[in-house]
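Down below is the structure, laid out as structure tokens.
Worth saying up front: this structure is predicted, and the values here are computed from it rather than measured. By convention here, the first residue in the shown sequence is residue 1.
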Amino acid sequence: SIPGVLFMAKSQQTYNKSEREKKRLKKKEEKQKKKEARKAEAKESGKTGIQFAYVDHNGNLTDTPPDPSQKMAVEAESITLGIPKKEEGDEEEYDPVRNGKVSFFDTSKGFGFIIDTENQEKYFCHVSGLIDEIAENDKVSFELERGMKGMNAVRVKKI
């Protein structure tokens with residue numbers, strides 16, 4: 001060490017750490033107070049919360065019992081567990097091709113956005129998903145694929 005010079009040791013506890021610790025302790029204290037307040041309220045009113053929870057016809061929990069006059073008999077065999085099997089006539093035709101208009105396209109960066117004409121949703125499109133070259137305000141047809149940040153337009157063609 002150099003004579004006459006004092007070195008200060010760096011604190012292990014940074015300001016942020018101590019603030020986070022204070023916040024955590026405050027939260028813990030508030031939680032404890034709320035718990036005690038609930039206990040005191042339960043003692044005062046003589047209630048201990050909901051003894052029974054019922055399910056209404058919408059599937060919501062309620063503390064009132066269901067009306068016995070609206071009871072229906074259901075055969076256990078008629079309840080289907082899982083996903084029902086698809087039959088030949090059930091499948092409705094879904095056209096994956098959608099139409100839209102290019103709202104923005106940057107050729108230098110290789111990406112842009114297409115607005116669907118049906119639902120006005122904006123979809124991201126990348127140059128790798130293009131079939132034809134596109135520019136802003138072009139009418140296009142495209143298909144959707146799930147990307148990392150939502151739905152992406154792929155197989156984009158000019159109309």
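Across all their heavy atoms, V74 and S78 have their closest contact at CG1-OG, 3.8 Å. Taking each heavy atom of L61 and A53 in turn, the nearest pair found is CD2-CB, 4.3 Å. Among all heavy-atom pairs drawn from P66 and Y54, the shortest one is CD-CD2, 3.7 Å. Heavy-atom minimum distance, V97 versus S141: CG1-CB, 3.9 Å. Of all the heavy atoms in K158 and I134, the pair that sits closest is CE-CA, 4.4 Å. Minimum interatomic distance between A153 and I114 (heavy atoms only, all atoms of both residues): CB-CD1, 4.0 Å.
The side-chain heavy atoms of E19 and K22, taken from C-beta on, include a pair separated by under 4.5 Å.
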Could you pull out every donor-acceptor pair under 3.5 Å between side chains of residues 27-34 and any protein atom, sequence neighbours left out?
none

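Between the side chain of S103 and the backbone N or O of I115 there is no donor-acceptor pair closer than 3.5 Å.
In this structure, V140 is a member of the same hydrophobic cluster as V127, with clusters built from ILVMFWY side-chain heavy atoms closer than 4.5 Å. Hydrophobic clustering of Ile, Leu, Val, Met, Phe, Trp and Tyr side chains at less than 4.5 Å, counting indirect connections, keeps L130 apart from F104.
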Verdict with supporting geometry, K101 and N137, side-chain contact (heavy atoms from CB on, under 4.5 Å) | CA-CA 6 Å; K101 185 174 152 189; N137 296 321; 3.4 Å; yes
Check step by step if salt bridge (charged side-chain N to carboxylate O under 4.0 Å, His left out) holds for E36 and K39.
-> CA-CA 5 Å; E36 286 168 8; K39 275 187 180 178; over 6 Å; no
How far apart are the C-alpha atoms of F124 and F113, what are their side-chain angles, what is the distance that settles it, and do they pass the side-chain contact (heavy atoms from CB on, under 4.5 Å) test?
-> CA-CA 5 Å; F124 173 82; F113 295 95; 3.9 Å; yes
Should L144 and R98 be marked as a side-chain contact (heavy atoms from CB on, under 4.5 Å) after you check the CA-CA gap, both sets of side-chain angles, and the distance that decides it?
-> CA-CA 8 Å; L144 290 175; R98 308 176 76 92; 3.6 Å; yes
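With sequence neighbours left out, E133 forms a salt bridge (charged side-chain N to carboxylate O under 4.0 Å, His left out) with no residue at all.
Interatomic distance, CZ of F105 versus NE2 of H126, reported as 8.0 Å (0.5 Å rounding). Within the model, atoms CD of E143 and CE of M151 stand 11.0 Å from one another, a figure rounded to the nearest 0.5 Å. Distance check: D138 CG to K157 NZ gives 15.0 Å after rounding to the nearest 0.5 Å.
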